[in-house]
Amino acid sequence: MEYTRKKIAEEAQVSPQKVFRYIKAHKIEPTKRVGRTDYFSEDDAHEMLKFFEEERKEREVNQTTSDDTISKDEYISALKDQVRDLQKRLDSKEDEVSELHRLLSQEQQLARTEQSKRLELESVNTRLIETNTDVLNEKDARIQELENKLSKEQNKGFWARIFK
């Protein structure tokens, strides 16, 4: 039995154009031609029908797979779960930032306290140095005075020292 493109298309439940494209792509030659109608051998026709059947099954599997995908409600629910998770993470990050701000404030307060104590110690040291300098200057003046007195005493003669 011989098959025409139209008969193959009807049996395969595809368009005649699709059968024509398959024939062109696979370079299948008709067994005979009557007018403008091509006739194909039973083997070629069965091969084409088998190809279109496999293609139809593959489309059905893909369609079933797409039907099995997540419904809109499930998708929205999944997105809401993601939003809740992200919100929790954001809240924990905000808590971390607040803690860091608190620690930074505490560190700045400690730095100010340390600086004020350092300034206070510097002023105390400066006063001590000035006081010690004054005392040393007084002692130096006293030593200088005593040295001058001693020098005058040494310059006096023997009898002048005795009858003083």
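Put simply, CG on L79 and CZ on R84 are 11.0 Å apart, with the number rounded to the nearest 0.5 Å. Atom OG1 of T31 sits about 11.0 Å away from atom CD of E42, to the nearest 0.5 Å. Interatomic distance, I143 CD1 to N148 CG, rounded to the nearest 0.5 Å: 12.0 Å. Here the CG atom belonging to N125 is positioned 6.5 Å from the CG atom belonging to L121, to the nearest 0.5 angstrom. Considering OG1 of T113 and CD of Q108, their distance stands at 11.5 Å, rounded to 0.5 Å. From L119, atom CG reaches atom OG of S123 across 7.5 Å, with rounding to the nearest 0.5 Å.
Counting heavy atoms of neighbouring residues, nucleotides and ligands inside a 6.0 Å radius, atom CZ of R102 exceeds 12 of them. Atom CD of E94 has more than 12 neighbouring heavy atoms from other residues, nucleotides or ligands inside a 6.0 Å radius. For CD of E99, the number of neighbouring non-hydrogen atoms (other residues, nucleotides, ligands) closer than 6.0 Å is greater than 12. Counting heavy-atom neighbours within 6.0 Å of E96 CD, excluding the residue itself, gives a total above 12.
Here the closest heavy-atom approach between residue V19 and residue M48 is recorded as CG1-SD, 4.2 Å. Here the closest non-hydrogen pair linking L49 and I8 is CD2-O, 3.6 Å.
Listed by first then second residue, pairs satisfying side chain to side chain donor-acceptor pair (under 3.5 Å) with a partner in residues 3-14 number zero, not counting sequence neighbours.
With hydrogens and angles disregarded, no donor-acceptor distance shorter than 3.5 Å links the side chain of D85 to the backbone of D81. Without hydrogens or angle criteria, T133 side chain to I129 main chain gives a donor-acceptor distance under 3.5 Å.
Remark: the Q87 side chain and the D91 side chain contain an N/O donor-acceptor pair separated by less than 3.5 Å.
With respect to E138 and R142, no salt bridge is recorded, no charged nitrogen being found less than 4.0 Å from a carboxylate O. Between K18 and E55 there is a salt bridge, with a side-chain nitrogen of the basic residue lying less than 4.0 Å from a carboxylate oxygen of the acidic one. A salt bridge links R118 with E114: at least one charged nitrogen is closer than 4.0 Å to a carboxylate oxygen.
Residues F51 and I28 fall within the same hydrophobic cluster, defined by Ile, Leu, Val, Met, Phe, Trp and Tyr side chains chained together at heavy-atom separations under 4.5 Å.
Here the rule is salt bridge (Lys or Arg N to Asp or Glu O under 4.0 Å) with D38, and of K24, K32, R33 only R33 fits it.
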What do the steps show when you test E53 against R56 for salt bridge (Lys or Arg N to Asp or Glu O under 4.0 Å), and what is the final call?
CA-CA 5 Å; E53 179 66 23; R56 185 180 58 78; 2.2 Å; yes

Step by step, would you call H101 with S98 a side-chain contact (heavy atoms from CB on, under 4.5 Å)?
CA-CA 5 Å; H101 280 295; S98 295; 5.7 Å; no

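Under the 4.5 Å side-chain criterion, counting only non-hydrogen atoms from C-beta, P30 is in contact with F40. Between Y22 and E47, the closest side-chain pair of non-hydrogen atoms falls below 4.5 Å.
Through direct or relayed side-chain contacts under 4.5 Å between Ile, Leu, Val, Met, Phe, Trp and Tyr, L128 connects to V124.
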